[in-house]
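These values consider heavy atoms only, across backbone and side chains, with no hydrogens, waters or symmetry-generated copies. The model shown is predicted, which means the values in this text are computed figures rather than measured ones.
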Amino acid sequence: MFVALVYLPPRGREVRMRERFLHALAELEGQIRDMGNRVALAVRDALWSLERNEPIFARQVIANDNVIDDLRYQIETNALSVITHQQPMARDLRVVSMFLELASELERIGDYAEGIAELVIRCIELPQLAQPPQIKTMALKAQAMLRDALDALHNRDPQAAERLELSDDEIDGLYRETLAWTFATMRSQPDHVERAMYYLWIAHNLERIADRTINIGERTSFIATGIIDKHRLRKEEADKA
């Protein structure tokens, strides 16, 4: 019995390899989108619990954080597999490497949501104290920034980082106001020191969520243009220090 062998010329093999790479890249981007949606949901549920002083959703956020962590691991594994087996060209390698960083940024935002959820549960066990009004505004702005960043990633919008910077400046100002409120409350209402401090920590987590959304915008800009904002990169390194 004879088996006919089909010869693929070099050009044909390149086309098939390219098709496999694009398929793997699409799957990777789908995982990033799924992770982004789960992280956005975690942030929303944590802030819902905060606003209503209700622990049910807060506990769900904490319980589901492992799912987000697992998604990051899957994305890293798949991205490294693409790099190893598909040997992408420079532009394609840029996209894959940014997906790795995006997964890290999203995982950190999920951690901040989990942190807010844990603080909500602690607050519920303490005497009542009205939240500083800045927190609600920060929460709305941080969620809007996250939605904008995820939409920008989907649309390859290179201008998102600049928009997000403007919102981040507003959140930074609100955080400073919350800091002043905390010190004033601790002086005037010493029985509420612990809960006032928890509110400050919640505000800090919201401020960090906003910073991470800018990082997502920067990675998106790099995917779209191949240009790194060196000023922003230096700021990121300073924030990590």
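With hydrogens and angles ignored, the 3.5 Å screen pairs no side-chain donor or acceptor of Arg33 with any backbone N or O of His154. Formation of a donor-acceptor pair under 3.5 Å by the Thr213 side chain with backbone atoms of Ala210 is found in this model. With Gln189 contributing its side chain and Leu129 its backbone, the two residues share no donor-acceptor pair below 3.5 Å. Counting only distance, with no hydrogens or angles, the side chain of Tyr199 and the backbone of Ile135 share no donor-acceptor pair below 3.5 Å. A distance-only check finds a donor-acceptor pair linking the side chain of Thr178 to the backbone of Leu174 [under 3.5 Å]. No side-chain donor-acceptor contact under 3.5 Å links Arg212 to the backbone of Glu105. Between the side chain of Thr220 and the backbone N or O of Arg156 there is no donor-acceptor pair closer than 3.5 Å.
The shortest distance between side-chain heavy atoms of Ile223 and Arg94 does not fall below 4.5 Å. At a threshold of 4.5 Å between non-hydrogen side-chain atoms, the residues Ile116 and Val120 count as touching. Leu146 places none of its side-chain heavy atoms less than 4.5 Å from the side chain of Gln143. Taking 4.5 Å as the limit, some side-chain heavy atom of Leu206 sits within range of a side-chain heavy atom of Leu47. Met197 is listed as a side-chain neighbour of Met186, based on a closest heavy-atom distance under 4.5 Å. Residues Leu150 and Leu106 are in side-chain contact: their nearest non-hydrogen atoms beyond the backbone lie under 4.5 Å apart. With a 4.5 Å cut-off on side-chain heavy atoms, Met145 and Ile214 count as touching. Ile202 is not listed as a side-chain neighbour of Gln131, based on a closest heavy-atom distance of 4.5 Å or more.
Ion pair Asp69/Arg72 not flagged as a salt bridge, since none of the NZ, NE, NH1 or NH2 atoms sits closer than 4.0 Å to an Asp/Glu carboxylate oxygen. Using a 4.0 Å cut-off between a side-chain N of Lys or Arg and a carboxylate O of Asp or Glu, Arg176 and Asp172 do not qualify as a salt bridge.
Residues Val82 and Leu153 fall within the same hydrophobic cluster, defined by Ile, Leu, Val, Met, Phe, Trp and Tyr side chains chained together at heavy-atom separations under 4.5 Å. Tracing side-chain contacts under 4.5 Å through hydrophobic residues (I, L, V, M, F, W, Y), one never reaches Leu28 starting from Val67; they form parts of separate clusters. Put simply, Leu200 and Val193 are part of the same group of oily side chains (I, L, V, M, F, W, Y) that touch within less than 4.5 Å, one to the next. Residues Tyr175 and Trp181 share a hydrophobic cluster, clusters being chains of Ile/Leu/Val/Met/Phe/Trp/Tyr side chains in contact below 4.5 Å. Note on Val61 and Ile121: separate hydrophobic clusters, where clusters join Ile, Leu, Val, Met, Phe, Trp and Tyr whose side-chain heavy atoms are under 4.5 Å apart, directly or indirectly.
Within 6.0 Å of CG on Leu166 lie more than 12 heavy atoms contributed by other residues, nucleotides or ligands.
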* side chain to side chain donor-acceptor pair (under 3.5 Å) between Glu27 and Asn78, worked out -> CA-CA 9 Å; Glu27 287 188 342; Asn78 292 344; over 6 Å; no
* Asked: Ile68 and Glu114: side-chain contact (heavy atoms from CB on, under 4.5 Å), yes or no, with the steps?
  -> CA-CA 11 Å; Ile68 293 173; Glu114 181 187 24; over 6 Å; no
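Atom CD of Glu76 sits about 11.0 Å away from atom CD of Gln74, to the nearest 0.5 Å. To the nearest 0.5 Å, the span separating CD on Glu162 from CG on Asp157 amounts to 9.5 Å.
Asp45 and Gln60 form no side-chain donor-acceptor contact under 3.5 Å, judged by distance and modelled atom types alone.
Taking the centre and axis of the six-membered ring of Tyr112, the NZ or CZ atom of Arg108 falls inside the cone set by 45° and 6.0 Å.
Evaluation of the ring-ring contact (aromatic ring centres under 6.0 Å, His included) rule for Tyr198 yields Trp201 as partners, not counting sequence neighbours.
Contacts classified as ring-ring contact (aromatic ring centres under 6.0 Å, His included) and involving residues 55-83 (residues at least two apart or in different chains) are given here: Trp48-Phe57.
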